[in-house]
Amino acid sequence: MPKGNLYVVSGPSGAGKSTICRLVRKMLGINLATSATTREPRTGEVDGRDYYFLTKEEFLKKRENGDFLETATVHGNYYGTLKSEVENRMVKGENVILEIDVQGGLQVRDQYPGANLIFFKTPTENDLEARLRGRKTDSEETIQLRLANSIKELEYEKEYDITIINHTVEQACNELKKIIEEKSK
Ligand code: ADP
Ligand code: 5GP
């Protein structure tokens, strides 16, 4: 049975994970598995495309049913990867990218020891703050929470297989693309 590779991309909020993964996914025709979350949709986000937006009750019911590969509480909301988003694709030999937090990344590695764990960060803390603000999607309170959490998240970098420092979109895309292409040879 052919097996696809599994890539886990983590790092502080604002590090550029969605931007870079979206571009690389397009370039290589790779699926980004859609996660489930209990957080409110941001302007422009579409249910089923950006996330499956669930109520807390719906999320907990799915967790009880064993529908998730991993779950975590991040910035005060539940997030989780549905097994249905990952397993079928891997069995078909497709590569899958999971864009999830560090707690989830380690849970995935427990279940798939061959998963490739990739950590994203900005060149400096000031860049992280500037990019979070520049995104214009979050309230001041949310930005402060995400910046505070970034310090804890950065401690997990050492658990990851490789780090990409997101200096420019082009450079970070090229690095991620190269890692995936090398593994797929
Ligand atoms: P994450 O998914 O890790 O939370 P995003 O992809 O939303 O981060 O990126 C945060 C913000 O930074 C977005 O506004 C994005 O356009 C911007 N951004 C991403 N990469 C870069 C970069 N290399 N240089 C400048 N801005 C960037
Ligand atoms: P955001 O709310 O900005 O979309 O995501 C916040 C954080 O939740 C990010 O670190 C993101 O990677 C993480 N996240 C998104 N989906 C999942 C998931 O399915 N599982 C886990 N563990 N984290 C996730």
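Predicted model, so just to flag it, every value in this text is computed and none were measured. Along the sequence shown, residues carry numbers from 1.
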What's the spacing between I143 CD1 and L145 CG if we round to 0.5 Å? 11.0 Å
Once you round to the nearest 0.5 Å, how far does NE2 of H167 lie from OG1 of T124? 10.0 Å
Gap between atom OG1 of T34 and atom CG of D50 - 0.5 Å precision: 8.0 Å
When you group the ILVMFWY residues by side-chain heavy-atom contacts below 4.5 Å and let the links chain together, are V86 and Y79 in the same group? no
Starting from the C-alpha separation in whole Å, work towards a yes-or-no answer on side-chain contact (heavy atoms from CB on, under 4.5 Å) for Y51 and V46. CA-CA 7 Å; Y51 280 104; V46 176; over 6 Å; no
Linking directly or through intermediates, with side-chain heavy atoms under 4.5 Å: list the remaining ILVMFWY members grouped with F59, chain and number order. Y52, L54, L60, F68, Y78, L82
Stepwise, does the side-chain contact (heavy atoms from CB on, under 4.5 Å) test hold for K83 with K62? CA-CA 11 Å; K83 288 179 183 166; K62 283 189 183 295; over 6 Å; no
Using side-chain heavy atoms (C-beta onward) and a distance below 4.5 Å, is E170 in contact with E175? no
Does T73 offer a backbone N or O that forms a donor-acceptor pair with the side chain of Q103 under 3.5 Å? yes
Measure the spacing between CD1 of I180 and NZ of K185 and express it to the nearest 0.5 Å. 13.5 Å
Hydrophobic cluster membership, with links at side-chain heavy-atom distances under 4.5 Å among I/L/V/M/F/W/Y: are L106 and F119 in one? yes
Derivation of the side-chain contact (heavy atoms from CB on, under 4.5 Å) call for N116 and I179: CA-CA 9 Å; N116 304 280; I179 291 166; 5.5 Å; no
Can you check whether T168's main-chain N or O pairs, donor with acceptor, with Q171's side chain at less than 3.5 Å? yes
Using every non-hydrogen atom in the two residues, find where A33 and L98 come nearest and quote the distance to one decimal. CB-CD2, 3.6 Å
In terms of hydrophobic clusters joined by side-chain contacts under 4.5 Å, are L176 and L28 together? yes
Salt bridge flag under 4.0 Å for residues E181 and K177: yes
Value rounded to 0.5 Å, distance of CZ in R109 from CG in L117: 4.5 Å
Taking all heavy atoms of P123 and all of D127, pick out the closest pair and write down the distance. CB-OD2, 3.4 Å
E125 atom CD: more than 12 heavy-atom contacts under 6.0 Å: no
Cluster overlap I164 with I97, hydrophobic side-chain contacts below 4.5 Å: yes
Minimum heavy-atom separation for E70 to G104, with atom names? OE1-CA, 3.1 Å
Could you tell me whether E45 and R39 make a salt bridge, using a distance below 4.0 angstrom between a side-chain N and a carboxylate O? yes
Determine, stepwise, if the pair Q144 / E140 fulfils side-chain hydrogen bond (donor to acceptor under 3.5 Å, both in side chains). CA-CA 6 Å; Q144 291 303 336; E140 182 59 28; 2.7 Å; yes
Please step through side-chain contact (heavy atoms from CB on, under 4.5 Å) for the pair E40 and F53, ending with a clear verdict. CA-CA 7 Å; E40 290 295 313; F53 292 101; over 6 Å; no
So that I can tick it off, tell me whether R133 and D138 are bridged by a salt bridge, with the cut-off set at under 4.0 angstrom between side-chain N and carboxylate O. no
One should read off an interatomic distance between T38 OG1 and N77 CG, to the nearest 0.5 angstrom, of 4.0 Å
Could you report the tightest heavy-atom contact between A115 and D161, atom names first, then the distance? O-OD2, 3.7 Å
Check: K92 side chain, E87 main-chain N or O, donor-acceptor pair, under 3.5 Å: no
Between V96 and M90, is there a side-chain heavy-atom distance shorter than 4.5 Å? yes
Side chains of residues 4-20: which donor-acceptor partners sit under 3.5 Å, not counting sequence neighbours?
residue, atom, partner, partner atom, Å
N5, ND2, K183, O, 3.4
S10, OG, I100, O, 2.7
S10, OG, Y160, OH, 2.6
S13, OG, R146, NH1, 2.8
K17, NZ, G11, O, 2.9
K17, NZ, P12, O, 3.0
S18, OG, E99, OE2, 3.3

Do Y156 and V74 share a hydrophobic cluster (ILVMFWY, side-chain heavy atoms under 4.5 Å, transitive)? no
Only one of L69, N65, T71 passes side chain to side chain contact (heavy atoms under 4.5 Å, CB included) with D67, and that residue is N65
